[in-house]
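Note that the structure is a prediction, hence the values are computed from the model and not measured. Both backbone and side-chain heavy atoms feed into the values below; hydrogens, waters and symmetry mates do not.
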Amino acid sequence: MKIGRSSKRTLFISVLLVTVISIGRSDLYRDISSNWRMVYEVYKRVMTDYADQIDPKKLATAGIDGMLSELDPYSVYLEEEDRHQLNLLTRGNYGGVGIQLGVRNDSLTVIAPIDDSPAQRAGIITGDKIIAVDGEFTSEMSLDHAADNIRGPKNTKVTLTIRRWGEEDIDFVLTRSTITVKDVSYSGMINDKTGYIRLNRFSRNSSGEMRQALRSLDNQGVERIILDLRGNPGGLMDAAVQILDMLVEKGIEVVSMSGRSNESNRTFTSQNKPIVDTSIRLAVLIDGGSASASEIVAGAIQDLDRGIVVGTNSFGKGLVQTAYQLDEARTLKMTTAKYYIPSGRLIQKPGYLRGDVAADAEGSDSVFATVNGRRVISNGGITPDFKVEQERTPLLTRECWRKGLFFEFSSKYHKVHQLTGNIEITDNIVEEFRSFISLKNLDLKSEGEKELAKLEEMLKEESETDKRIEHSLSVLRKHYEQDMDDLFNEELDHIRVMLERDMSWAVGGIGMRIESSFDDDPVVLKAIEVVADQYAYGSTLDPSMN
């Protein structure tokens, strides 16, 4: 049989490609072999000639940890006692304090506290940096090691040293409990046309709970849906794809993965007809605690012009990890690819590499386009269509929240008065709370006052001899003098809001707490406003309407 010229050319190109790949792999394996011999020689020399007796397993583990520490925070070596981390998303509960962790600027960071957890009740918030766990500095721990130290048996205590921007470090002593994570913590109608779903994470249960929530809203005649992903740290990518499958048309690319191996390069498309009609207006809420799978969903909805995104910039975690079973007791969890959303944008923030052994191949910020031609920027994370910043919590309110006083007072008040129905914060409740916190040891020093104390210490000797310096310091002291009653009166609106939130929580659980926020949460209110306005919604998604 004769082979045509075209077939010969194709065959030649195929052979050439195989040859090039083989040569490339040959060079790679040669480099691996050469450098491994160097590692082995150092290991052998230390084991045989070091002045003190060396534990061979610990030395080998230290070498592995040292290699991985040059990569990203999510590539780790796990032994038997650590491997339960890999299965966390496939279980319904665990013992701990309810914190979703990440690494930001080389610091162990709270991505989000879990709803109705000891961490959330104590006032730990998104963005808090965990400096130490039971006195051990987290700078010396891997992400998984830190998470393992925070978790533990129910009813045992753990002390987290928290650093929050603009404040001094504070110790939170938390009692571990059984953390049961419900993926959809709330689903219901805000008004007769607008539904609201809060999704806390992406696990094997997420798609089933979301399907049930969407069908329930659809049966109630929903015309607009708000999907709240704030504080959702992500989880299983498959769950994100399955949820997008319920919201977008069939056959559309929703996310892709790109890595160095063929197995790491995959494209995911929607496989089924959406559960809710695509004419239903959609708003997705995000913040700095929305990461990974949350960013896949929010980014795909934005890129496909399926809905609007409201809130603040997301976390920026777009790295894919693969678990390699080394033997029965040991596993290597390593970053093998990156996520890209439909426009081609990379979710991952730059600067994630901790050493210089690898090179971040991504370029600088680039402009991409949505399906309708809207400009979107690739700079890590998702930038909302409507930016809505949460108001900064003032001093006294923040201190009461941080110490868990709103929840403590609300729980005690409810036990005494057996409250039911919608919560109204009366003047009597406010005054009882004022009396309650007057007995607590509250640190009401502002950042300026703390800096003044440092300045006074620096100028201590000079102020004793120079009356002008002492006078200036006394003027500053008088400026910062604060009376708790004055602060209470100044922050009365904030205090009422927090009392309503936590009183609702104590009476009706997390669902009632969420409902209590619908009339004053600025992000929710903005989403309601835009999805209710046909022109504002449509012109945001389609520039041709402007």
Does Val255 reach the side chain of Leu244, with side-chain heavy atoms less than 4.5 Å apart?
-> no
Identify the two heavy atoms, one from Asn232 and one from Leu199, that lie closest to each other, and give their separation to 0.1 Å.
-> ND2-O, 2.8 Å
When rounded to the nearest 0.5 angstrom, what distance separates CD1 in Ile124 from CH2 in Trp401?
-> 10.5 Å
Leu174 and Ile150, any side-chain heavy atoms less than 4.5 Å apart | no
Return the set of residues passing side chain to side chain donor-acceptor pair (under 3.5 Å) with Glu408 (not counting sequence neighbours), or none when no residue passes.
-> Lys412, Lys440
Which atom pairs, donor and acceptor, lie under 3.5 Å between side-chain atoms of residues 299-311 and protein residues at least two apart or in another chain?
from, atom 1, to, atom 2, distance (Å)
Gln302, OE1, Arg345, NH1, 3.4
Gln302, OE1, Arg345, NH2, 2.9
Gln302, NE2, Thr383, O, 2.9
Gln302, NE2, Asp385, OD1, 3.0
Asp303, OD1, Ser343, OG, 3.4
Asp303, OD1, Arg345, NE, 3.3
Asp303, OD1, Arg345, NH2, 2.5
Asp303, OD2, Ser343, N, 2.9
Asp303, OD2, Ser343, OG, 2.7
Asp305, OD1, Thr370, OG1, 3.3
Asp305, OD1, Arg374, NE, 2.8
Asp305, OD1, Arg374, NH2, 2.9
Asp305, OD2, Thr370, OG1, 2.8
Asp305, OD2, Val371, N, 3.3
Asp305, OD2, Asn372, N, 2.6
Asp305, OD2, Asn372, ND2, 3.4
Arg306, NE, Leu247, O, 2.7
Arg306, NH1, Ile280, O, 2.9
Arg306, NH2, Ile280, O, 3.1

Kindly indicate whether a cation-pi arrangement holds for Lys317 with Tyr74, taking the cut-offs as under 6.0 Å to the six-membered ring centre and within 45° of the axis.
-> yes
Asp72 versus Leu319: any side-chain heavy-atom pair under 4.5 Å?
-> yes
For the residue pair Met237 and Val320, establish whether any side-chain heavy-atom pair is separated by less than 4.5 Å.
-> no
Could you go step by step and tell me if Leu227 and Leu285 meet the side-chain contact (heavy atoms from CB on, under 4.5 Å) rule?
-> CA-CA 6 Å; Leu227 175 58; Leu285 312 186; over 6 Å; no
Heavy-atom check, side chain of Met67 versus side chain of Val39, under 4.5 Å | no
Side chain Ser34, main chain Arg30, donor-acceptor under 3.5 Å = no
Would you give the length of the straight line joining atom CG of Asp128 to atom OG1 of Thr109, rounded to the nearest 0.5 angstrom?
-> 9.0 Å
Quick one: do the Asp183 and Asn205 side chains pair a donor with an acceptor below 3.5 Å?
-> no
Between Gln321 and Thr336 the two heavy atoms that sit nearest each other are C-OG1, 4.4 Å
Which pairs pass salt bridge (Lys or Arg N to Asp or Glu O under 4.0 Å) with one or both residues in residues 226-240, sequence neighbours excluded?
-> Asp228-Arg230, Arg230-Asp521
Can you sort out the partners of Asp169 under salt bridge (Lys or Arg N to Asp or Glu O under 4.0 Å), two or more places apart, ordered by chain and number?
-> Arg163
All ring pair (Phe, Tyr, Trp, His ring centres under 6.0 Å) counterparts of Phe268, not counting sequence neighbours | none
Check step by step if side-chain contact (heavy atoms from CB on, under 4.5 Å) holds for Gln120 and Phe407.
-> CA-CA 10 Å; Gln120 190 185 57; Phe407 189 81; over 6 Å; no
Look only at the side chain of Ser378 and the backbone of Ser366, and say whether a donor-acceptor pair between them is shorter than 3.5 Å.
-> no
Modelled atom types, side-chain donor and acceptor of Asn200 and Ser185, under 3.5 Å | yes
So does Glu70 have more than 12 non-hydrogen atoms from other groups sitting under 6.0 Å from CD?
-> yes
Are any non-hydrogen side-chain atoms of Thr138 and Asn149 less than 4.5 angstrom apart?
-> no
For the residue pair Thr397 and Met498, what are the closest heavy atoms and their distance?
-> CG2-CG, 3.7 Å
About how many Å separate CG of Asn272 and CG of Asp245, when rounded to the nearest 0.5 Å?
-> 4.5 Å
For Ser290, check side chain to side chain donor-acceptor pair (under 3.5 Å) against everything at least two apart and list the hits.
-> Asp287
Mark yes when over 12 heavy atoms from residues, nucleotides or ligands other than Asp356 sit less than 6.0 Å from its CG; otherwise mark no.
-> no
Please report the closest heavy-atom contact between Ala369 and Val376, naming both atoms and the distance.
-> N-CG2, 4.1 Å
How would you list, by chain and number, every residue that makes a ring pair (Phe, Tyr, Trp, His ring centres under 6.0 Å) with Tyr339, sequence neighbours excluded?
-> none
Distance from Leu101 atom CG to Leu108 atom CG, nearest 0.5 Å?
-> 5.0 Å
Interatomic distance, CG@Leu214 vs CD1@Ile243, rounded to 0.5 Å, equals 8.5 Å
By side chain to side chain donor-acceptor pair (under 3.5 Å), Ser270 pairs with (sequence neighbours left out) none
Walk me through it: do Lys154 and Arg176 pass the test side-chain contact (heavy atoms from CB on, under 4.5 Å)?
-> CA-CA 5 Å; Lys154 181 180 178 181; Arg176 297 182 178 99; 5.8 Å; no
With a 4.5 Å limit on heavy-atom distance, are the side chains of Tyr352 and Thr335 in contact?
-> no
Residues in side chain to side chain donor-acceptor pair (under 3.5 Å) contact with Thr175, at least two apart in sequence or another chain = Lys157
How close do Gln325 and Glu328 get, heavy atom to heavy atom, and via which atoms?
-> NE2-O, 3.8 Å
Glu209 side-chain N/O to Ser206 backbone N/O, donor-acceptor pair under 3.5 Å | no
How close do Gly251 and Thr269 get, heavy atom to heavy atom, and via which atoms?
-> C-CB, 4.4 Å
Stepwise side-chain contact (heavy atoms from CB on, under 4.5 Å) check, Ser294 with Ile286 | CA-CA 8 Å; Ser294 289; Ile286 61 171; 5.9 Å; no
Between CE of Met334 and OG of Ser75, what distance do you get to the nearest 0.5 Å?
-> 6.5 Å
By salt bridge (Lys or Arg N to Asp or Glu O under 4.0 Å) - contacts of Asp55 (at least two apart) = none
Just jot down the salt bridge (Lys or Arg N to Asp or Glu O under 4.0 Å) partners of Lys58, sequence neighbours excluded, or say none.
-> none
Residue pairs passing the salt bridge (Lys or Arg N to Asp or Glu O under 4.0 Å) test with at least one member in residues 35-44, sequence neighbours excluded, are Glu41-Lys44
Side chains of Asp502 and Arg513 in contact at under 4.5 Å (non-hydrogen atoms) = yes
